[in-house]
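Here's the structure, in structure tokens; my notes come after.
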Number of protein chains: 2
Amino acid sequence: MRRRITLKQIAKELDVSISTVSKAIRGSKEISLDTRQKVQAFAKLYNYKPNNIAISLKNRNTKNIGVIIPEIVHHFFTTVIRGIEQVANSKGYNVIVCLSNESFDKEVINMEMLANGSIDGFIMSVSKETQKKKDFHHLREVVNQGMPLVMFDRVSDEIFCDKVIVDDARGAYQAVEHLIKTGCKKIALVTTVDYVSVGKLRTLGYKNALSENGIAIDEDLIIKIEDIENCDKEIEKLFDQSQFDGVFAVNELFALTAMKIARRRGFEIPDDISFVGFTDGILSKHASPTLTTLAQHGIEMGEIAAKMVIEKIEEEEEEDSFRTEIIRTSLIERDSTKKI
Amino acid sequence: MRRRITLKQIAKELDVSISTVSKAIRGSKEISLDTRQKVQAFAKLYNYKPNNIAISLKNRNTKNIGVIIPEIVHHFFTTVIRGIEQVANSKGYNVIVCLSNESFDKEVINMEMLANGSIDGFIMSVSKETQKKKDFHHLREVVNQGMPLVMFDRVSDEIFCDKVIVDDARGAYQAVEHLIKTGCKKIALVTTVDYVSVGKLRTLGYKNALSENGIAIDEDLIIKIEDIENCDKEIEKLFDQSQFDGVFAVNELFALTAMKIARRRGFEIPDDISFVGFTDGILSKHASPTLTTLAQHGIEMGEIAAKMVIEKIEEEEEEDSFRTEIIRTSLIERDSTKKI
DNA sequence: GAAACAAATGAAAACGTTTTCGTGTTAATA
DNA sequence: TATTAACACGAAAACGTTTTCATTTGTTTC
């Protein structure tokens, strides 16, 4: 690769010292107007741009933020990245994205790769496998090393760092309450297995909403899905076994699949059965009927996470106080639920 | 930030030279077994990891690949990133993602930011604005600088570099031909304005398919949409003005919107009107009826792009030969078209 | 004409590696 | 005993910056 011109080369060419060139380019008054102009003209001609790597080494910072997410083909995570990018870029930072693909090992490898000087701070959401194993040593390590870390969405209590989370329990509560208010009496829950922190919290919110509205919790109305790819089979079973007039699903896909099955079985939506989902992605908006859902405000999460991490990166002395920012969900009413 | 331990510190602590430490850690036979073990133990204890930035400066490479895309909340681009990530990671590279948000200026800024030593090569898809302006000086600059560049999907003939593209014209041809084969006589086209290269090519494919099947091109059946957000208004107009029994739309959203409007107007799908879209995203699979569409194989594109760029990065002497890899689309038959 | 000063420039260190090329010590050989 | 070879280690340069602290030159002042 042809290389960009360096200070050294310019210095040699113009027969001055490297320091003079450096100062001249940055317009230092220390250098005479004459040489300043000469150097600047030359630099411009040869399209000189300082080498970021050298500057990083000197300044001991990289102006990079590392982001590790479990999956990129996932609307929620991409919205978060968008938010991160926006803020990061406006403050002169680049974003290095790594995917764990929900694998613990890949998460660890990626973190180590980035932690060795490539970035100034981390923003991450841990993989399912990590949540299942409950092994967070890699996070603890970067924190101990003094590297700023912000966890979002899928977080852990074991790690002391800044966090941005969705108020999952409250969101679920909100959703179920909406179903109750619009007349549902028997509300089913389609959720994930418990080790997925958000699934667990949303299940909690569901139960709270029922209890507080004087509705008994019927475990037969709850299904916990492990294999997302084949969720339809599980949901079919739910329809076989029980009757209900409302469904709360912890993500878009479960909600859509349930709606599809309901319609195939001849139920009218929302008259016979109402549906609410979590996560306001593209599916909800374009489903038929359109799906009432909880917006998670991913962009906002990303923005806040980026602000937090940059704040920590740039703060003078290291403080050991950590914040947890909670993003409220908002209910987007569409056509899968009855109007009040 | 507490910093990681360096060779220098270890050297001082163990009272040997930096070079000895470096060699010992890397297990060089040049160093006695005794010191080797001593140093390695110490390094392990203090969790020594070489600083990537220093190594980058020394080696004059970063093991980073820069990716610039117009938009991340877009299924196709995320699949491409996934493919890039996969290959890049397996070869020891990180991926730095920057978004242009379809803005020319941001694209230029991002490129310059990354070109100053942060990355070893570029993979990119240009913004709409760039395509409209036809200003590719920033691309030309990095190419002239000798930095490997791979363009994908939205490419330009003006730039000499490796490219990975979808065979848009052929794909569109394939789609329209399928409509014809399943009995459609009057086929409408919902496309984008012409400066979007892929829109233009897909339009071409549509026209070719009609011509070659002896069907006259009726310009009234073609609408070119500029404002994607409000595509429904434009599509409504199409339904008002003309009659047709098939629709080919250049993306998922246009196809779904058209289907929605058709159903609202009482048409049966696919009996009265058939629909085919381009891009096999999540929407197509979950639409009702499910949408027949052209898979673009984004992951494969990403993989190929990554391979190409890494090949160029790692090749000994610079060659001036460039390849253009063409990815064939494949038709995914679903329920929005009739069976043959 | 010497002393003091300002202006312009340069040398060198530092950031953290890797690598080449000594150099000094010890052991083996003639 | 003198020569060589093997071994263990260290000094220094290089990557490209920035910055601090000289040093040189010319100018002013007494």
Side-chain angles (χ1 to χ4, degrees), chain A residues 1-40 42-43 46-64 113 115-120 145 147, chain B residues 1-40 42-43 46-64 113 115-120 145 147:
Chain A
M1 188 157 93
R2 260 152 296 161
R3 298 189 190 289
R4 294 209 149 181
I5 196 168
T6 66
L7 291 184
K8 201 193 230 182
Q9 291 167 42
I10 299 181
K12 196 173 176 189
E13 214 60 45
L14 297 182
D15 203 34
V16 290
S17 77
I18 296 179
S19 13
T20 303
V21 176
S22 174
K23 288 171 193 164
I25 285 175
R26 338 183 69 233
S28 162
K29 294 280 177 215
E30 217 181 324
I31 304 300
S32 70
L33 183 63
D34 198 38
T35 21
R36 227 187 302 160
Q37 287 176 336
K38 192 175 63 183
V39 171
Q40 285 179 349
F42 192 91
Y46 284 91
N47 191 28
Y48 170 80
K49 296 276 166 54
N51 179 316
N52 283 334
I53 295 291
I55 293 179
S56 287
L57 185 61
K58 179 123 217 339
N59 295 347
R60 303 157 120 206
N61 68 28
T62 62
K63 288 278 179 181
N64 287 337
M113 208 159 169
N116 300 329
S118 304
I119 59 167
D120 298 338
Q145 193 195 129
M147 163 101 54
Chain B
M1 187 158 98
R2 260 152 295 162
R3 299 190 189 288
R4 293 209 149 180
I5 196 167
T6 66
L7 291 183
K8 201 194 233 182
Q9 291 166 41
I10 299 182
K12 197 174 174 187
E13 214 60 43
L14 298 182
D15 204 34
V16 290
S17 76
I18 295 179
S19 14
T20 303
V21 177
S22 173
K23 289 171 192 163
I25 285 175
R26 339 183 69 233
S28 162
K29 294 278 177 219
E30 214 183 325
I31 304 300
S32 70
L33 184 64
D34 198 39
T35 18
R36 227 186 305 159
Q37 287 177 335
K38 192 175 62 182
V39 172
Q40 285 180 351
F42 191 91
Y46 285 91
N47 192 28
Y48 170 80
K49 296 278 164 54
N51 179 316
N52 282 335
I53 295 292
I55 293 179
S56 287
L57 185 60
K58 180 120 212 347
N59 295 347
R60 302 157 120 207
N61 67 29
T62 62
K63 288 277 177 182
N64 287 337
M113 208 158 168
N116 300 329
S118 304
I119 60 167
D120 298 339
Q145 195 195 128
M147 164 104 50

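Mapping D15(A) and A54(A) onto DNA chain C via the closest heavy atom, the residue that lands nearer the 5' end is D15(A).
Between the side chain of N64(B) and the main chain of S118(B), a donor-acceptor pair closer than 3.5 Å is present. Using a distance-only test at 3.5 Å, with no hydrogens or angles considered, a donor-acceptor pair links the side chain of N51(A) to the main chain of I53(A). Of the possible donor and acceptor atoms, one in the side chain of S56(A) sits under 3.5 Å from a partner among the backbone N and O of N52(A).
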**Request:** List the steps, then state whether side chain to side chain contact (heavy atoms under 4.5 Å, CB included) holds for L14(B) with F42(B).
**Result:** CA-CA 9 Å; L14(B) 298 182; F42(B) 191 91; 3.8 Å; yes
**Asked** Given the rule in the side chain to side chain contact (heavy atoms under 4.5 Å, CB included) test, do K38(B) and D34(B) qualify, once you have shown the distances and angles that lead to the verdict?
**Response** CA-CA 6 Å; K38(B) 192 175 62 182; D34(B) 198 39; 5.8 Å; no
**Prompt:** Does the pair M147(A) and I119(A) meet the rule for a side chain to side chain contact (heavy atoms under 4.5 Å, CB included), with working shown?
**Reply:** CA-CA 9 Å; M147(A) 163 101 54; I119(A) 59 167; 4.2 Å; yes
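Between R60(A) and dG16(C), a side-chain N or O to OP1/OP2 separation shorter than 4.0 Å is present. The phosphate of dA8(D) has neither OP1 nor OP2 within less than 4.0 Å of any side-chain N or O from T35(B). Listed pair K49(B) / dG16(C) fails the phosphate criterion, with no side-chain N or O lying under 4.0 Å from OP1 or OP2. Residue T20(B) places none of its side-chain N or O atoms closer than 4.0 Å to OP1 or OP2 of dC9(D).
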So which protein nitrogen or oxygen atoms get under 3.5 Å of nucleotides 18-20 of chain D's nitrogens or oxygens?
from	atom 1	to	atom 2	distance (Å)
dT18(D)	OP2	S22(A)	OG	3.0
dT18(D)	O2	K58(A)	NZ	3.4
dT19(D)	OP2	R26(A)	NH1	3.2
dT20(D)	O4	K23(A)	NZ	3.4

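With the end axes of the helix from dG1(C)-dC30(D) to dA30(C)-dT1(D) each set by five pairs, the angle from one to the other reads 80° at 10° resolution.
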